[in-house]
Structure formats: structure tokens, C-alpha cells
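A short write-up of the structure that comes next.
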Amino acid sequence: MAIQEQILNEIKKFKIIIIHRHKRPDPDAIGSQMGLAQLIKASFPDKQVLCAGKQYESFEWLGKTDEIADEQYQDALVIVVDTANQPRVDDDRYTKGKALIKIDHHPNDDQFGDIMWVEPDASSTSELIYDFYDSNKDQLTLPSEGARLLYAGIVGDTGRFMYPSTSSHTLEVAAKLATYDFSTSDVNQIEDEIDIPLARLSAYVYENLTILDSGAAYLVLSDKVLEPFKLGDESTSAVVPLPGKIKQVVSWAIFVEQKDHSFRIRLRSKGPEINELAKTYGGGGHPLASGAVVDSEEHIQDFVKDLNDLVAKNK
Ligand SMILES: [Mn+2]
């Protein structure tokens, strides 16, 4: 039996379905979560579908998460989308259901769930949710709001169809989603917009990025640097792609200071695979987009040296 069919059979067995996604969500995490919820609700109106996780004001245009009581987990099917590692799941009650399904497109380093559907080559989890719909089309109904959410997720994770993960299948899925009743340009516009503090921070990024001869680049966003911009750690994610616009930059790291004064590393690459390096610093992710941590400011230069060596070797 195809995995999509197995997942559908599991959904059919439960009256309550609770969908989780990762912490510090991006449009794909929310788009796949809310899009799947829309798909199940429209297809099975008698089922109760709930979305777990912290609600962010900046993502209200993609819907709202639900208040979920502990008791609701007892007889629920839990589906975790877009989340590679269990510590990253937003709301740790995801283990409290009767059954657990993982649907994701990150490398499957942390295997969990009674059913796992992981496609590391897919552009986004939203693309997979569309594939799930498409392979069970005769039994499922995708409403326009669901299509809008999935489109938003694909646009988010592909950098508006720019990253190499954008396959012909991704474009095919986007084209099919675009036939639904919503404005693709509105979605593209919202995802491209930044507020004024973020515009100012973008200027800071370009002014202060250190670019090494190898093509490795880095920037440290300490509390002191970020303070005047009045931005949260979540907002710094929007500036992470910016160094990639510079022709000479091959791979780059943005260090963001955390409450415990460790630095979260947001690591990106246009060529050399950087996820193995991320793993040696307690992180992981995609070959061209990963995250890691250094425990203090003193260790930033160790990481920069390793990144520089890796990029230089790949030249
Ligand atoms: Mn994703």
C-alpha cells in the first residue's frame, strides 16, 4: 500500500486529529499544518481537526492555532509536519496521542512516529501535502483556503521558486494550486514584505558582513547589535538569505545571540554542502540550509575557520 494511502486510512480511523509543526515556524511549517487541517476538515466535516503551537501575530494571515486540552490527546491521531527532530516540535504533548505520523522533507536523522513519510528531495512539506491530496483525490476535497496555505508554504521554502529544491514537480504543484480561488500575487507580496526595523537590519547586514577570500561570509548579531532595531530573534530569520544575493558570497553564517549568551548559527550555502559541518556543532538540516550552535562568543571564530576551510576546499 502506498504511504499516502496508509496515512489516509489512519486519518479515517480517528475523530480527533491534532497537527503539530516546528518551533519558530516559517510559512512552510504553518502552511503545511493549516493546509492539511483545511484538507481534512473539508473532506471529513465530522472530524475535529486542531492545530497546535504558539500563535505569532506575523503569521495570522495563515490562520490561527487552537487551544487544546490535554484530554483531547487521549483518542487523537497526532500528525507532526515539517519537523526533522523531536526537540523542535512545538508543544511537547505531540507524544500524547493514540498514534503518531511524521510528514517531512528534511533529512530523516531523527526517526519517529508509527508512520513516517519523509521525502528529502521535496521542496517543502506543503508540496508533500499537495501530493497526499493528489494521490487520494477521489476521496479528498481541497478547499481554496487550503490551496492558498500550501502555495504559501512552497513559496516560503523555495525562496519564491529560487532555491535548487525547486523541481519541475514543485512548479507543477504550484501551477495546480494557482488554479484555485486565491491570489498568488497577494501571497508572494506578503511573503516579500518587510517592516521598517527589518529594513534597517538588512542595511546593517550588508554594511557589516565579513566576506572572506574563499567566499565564506559571516555576521554576528549580538544582543548589543540587535537592541536598537527592536526585533525579536524570530525576525532575524528574514535577513538570513540576504548575503546570498552577493555574487562573491558562496556560504555564509549568521550568528544570533541567545538568552543564555550562546549563539544560534543560521548557515546557508549556494554550493558546498554545509549540513555535516552543522552536525559537528550540535545542529543539522538541509545540505544548503542548516542551523547549529556555539556556546559562547569565543567559539565563533572556530566555526568561521571551519566554514572557511570547507568553502576553500570546494573551490
Ligand atoms: Mn519546510
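Excluded from the calculations below are hydrogen atoms, water molecules and symmetry mates; all remaining heavy atoms, backbone and side chain alike, are included. First listed ligand is number 1; within each ligand, the first listed atom is number 1.
Looking only at N/O/S atoms, Asp82 comes nearest to the Mn ion (ligand 1) through OD1. As for Asp28, its N/O/S atom nearest the Mn ion (ligand 1) is the one called OD2. Checked against the Mn ion (ligand 1), the N, O or S atom of Asp157 at the shortest distance is OD2.
Contact annotation: His105 places an N, O or S atom under 2.8 Å from the Mn ion (ligand 1).
Remark: Ile7 CD1 to Ile101 CD1 distance equals 5.5 Å, nearest 0.5 Å.
A donor-acceptor contact closer than 3.5 angstrom is absent between the side chains of Asn275 and His286.
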Tyr218 and Phe303: ring-ring contact (aromatic ring centres under 6.0 Å, His included), yes or no, with the steps? CA-CA 10 Å; Tyr218 72 98; Phe303 186 88; 9.6 Å; no

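Note on Glu276 versus Lys279: salt bridge recorded, some NZ/NE/NH1/NH2 to OD/OE distance being below 4.0 Å.
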